[in-house]
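A note on names: the letters A, B, ... follow the listed sequences, proteins ahead of strands, and every chain is numbered from 1.
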There are 2 protein chains.
Amino acid sequence: MATFKLTISYDGTHFVGWQRQAEGVSIQGLLEEALVPFEGGPVAVHGAGRTDAGVHALGQVASVALTSRHSAHELLRGLNACLPKDVRVVRVEAAAPEFHARFAARSKMYRYWLETAPIASPFHHRYAWHVAQPLDLDAMAAGAAALIGTHDFAAFRSTGSETMDAVRTITRSEIIGDPAGTAVGVDGTALLAYEISGNGFLRHMVRAIVGTLVEIGRGARSVSSIASLLAGGNRGDAGATAPPHGLFLVRVDYD
Amino acid sequence: MATFKLTISYDGTHFVGWQRQAEGVSIQGLLEEALVPFEGGPVAVHGAGRTDAGVHALGQVASVALTSRHSAHELLRGLNACLPKDVRVVRVEAAAPEFHARFAARSKMYRYWLETAPIASPFHHRYAWHVAQPLDLDAMAAGAAALIGTHDFAAFRSTGSETMDAVRTITRSEIIGDPAGTAVGVDGTALLAYEISGNGFLRHMVRAIVGTLVEIGRGARSVSSIASLLAGGNRGDAGATAPPHGLFLVRVDYD
């Protein structure tokens, strides 16, 4: 067996998410099917994180163990030759035999794009949440900073989550108001970014955080409410879950 | 009658182009249909230029004369409320009664995006032509500059064009190798841009120019071949027509 680490970028618009579902096309399913001709039989691909339907990735990481003898370069070329253009394997590397993309992940970084122009760009509606009103970026930045540290994020977890422990450590949480050099779209429109890094994320956690920060930006919620939420709030106390299409899994880090 | 000038931005991916066709959805058709409830009857919308299927626009301009009494602001809101998200009216202005978007246009600017990374970004495949090899940008810039001026562009016109006169004046023709501040995508990937402005463009002219410049960039054609093409070349002497999806009609200027 040879284990490989795949780094994958995808436009999540037309997929049911990372994970295989009973119906619809998933990224995991596409990769597993694309690997069948290499392996001559079924292959299990393990992703670092389960992105939801509509969520995008720039650097999702997956692990796969193959019995067949193929070089990393052959896999890279072969996979991209049969995957749809919305999904690209950007890197294939040989990994230690025991490497597992999910269990070995040390931290992840997500980015969420917001568009605040009065009229939404036709080029961003799949990649940014259009909030057609001015946002108080200073208040949002203060709210974002209050999330940094080790906290119980139960108030930002979707109801029905199976995980027990909601304690996570956030190392970075930042509003990037001037995206020059970060990203402006093919139409030149500036977007607002929120970036968050941490050792783990609960289901819908980033989207619940973004929904809460936007309420702060609108003046509908105080910055200090973040501290209350972290001190033991319920999901209903936090903001609405932001739509999936603004969210990008940017990077997964390993030791 | 009140005449309005509309400025329209659209992602051309899913349309048959600007102009109404026997089959498929056109931008012109969408606008005309969206105006029917305002006018209570059929409406003719005249565009400044006929973008092809798959070609995008940031600032297409159209004129429309309405008998009904609606403010520019009502039209802006009402049109965007019923148009698909791929098409946005970004501005509506009252115009002189005789204003016609096509006949009054003094110059147009187009931008064409190229992606030269080895693996195409999943976020750019609708907006940039992926040329997976290094391009000689200095040679392309020299070729681009050679197009500036008043020339006979017959060699860059699609066969079967009905227009007789192929003489056009190009005021700007430039390769933008460092797109910092111009555009990098939602995934942070840098793109290469070609920008061209002129008083008029023949059918497929920008795409034939881009195809020719890319052949120069690949070293498959000399910079001096541009001068030969302008001195009386045939369409077959120039490069292949670049695909539509990298092309954006950026702006139309009026007196």
When A:Arg111, A:Arg207, A:His204 are each screened for side-chain contact (heavy atoms from CB on, under 4.5 Å) with A:Leu247, the one that passes is A:Arg207

Quick one: salt bridge (charged side-chain N to carboxylate O under 4.0 Å, His left out) partners of A:Asp86, sequence neighbours excluded? none

Under 4.5 Å, heavy atom to heavy atom: which of residues 72-85 of chain A reach chain B? Give them by number, or say none. A:Leu76, A:Asn80, A:Lys85

Is there a side chain to side chain contact (heavy atoms under 4.5 Å, CB included) between A:His130 and A:Leu114 once you walk through the steps? CA-CA 6 Å; A:His130 183 232; A:Leu114 292 164; over 6 Å; no

Can you name the side chain to side chain donor-acceptor pair (under 3.5 Å) partners of A:Arg102, sequence neighbours left out? none

Per-residue contact mode, A:Val250 against chain B (heavy atom under 4.5 angstrom): neither

Contact check, side chains of B:Gln19 and B:Gln21, non-hydrogen atoms, under 4.5 Å: yes

Return the set of residues passing side chain to side chain contact (heavy atoms under 4.5 Å, CB included) with B:His245 (not counting sequence neighbours), or none when no residue passes. B:His56, B:Pro243

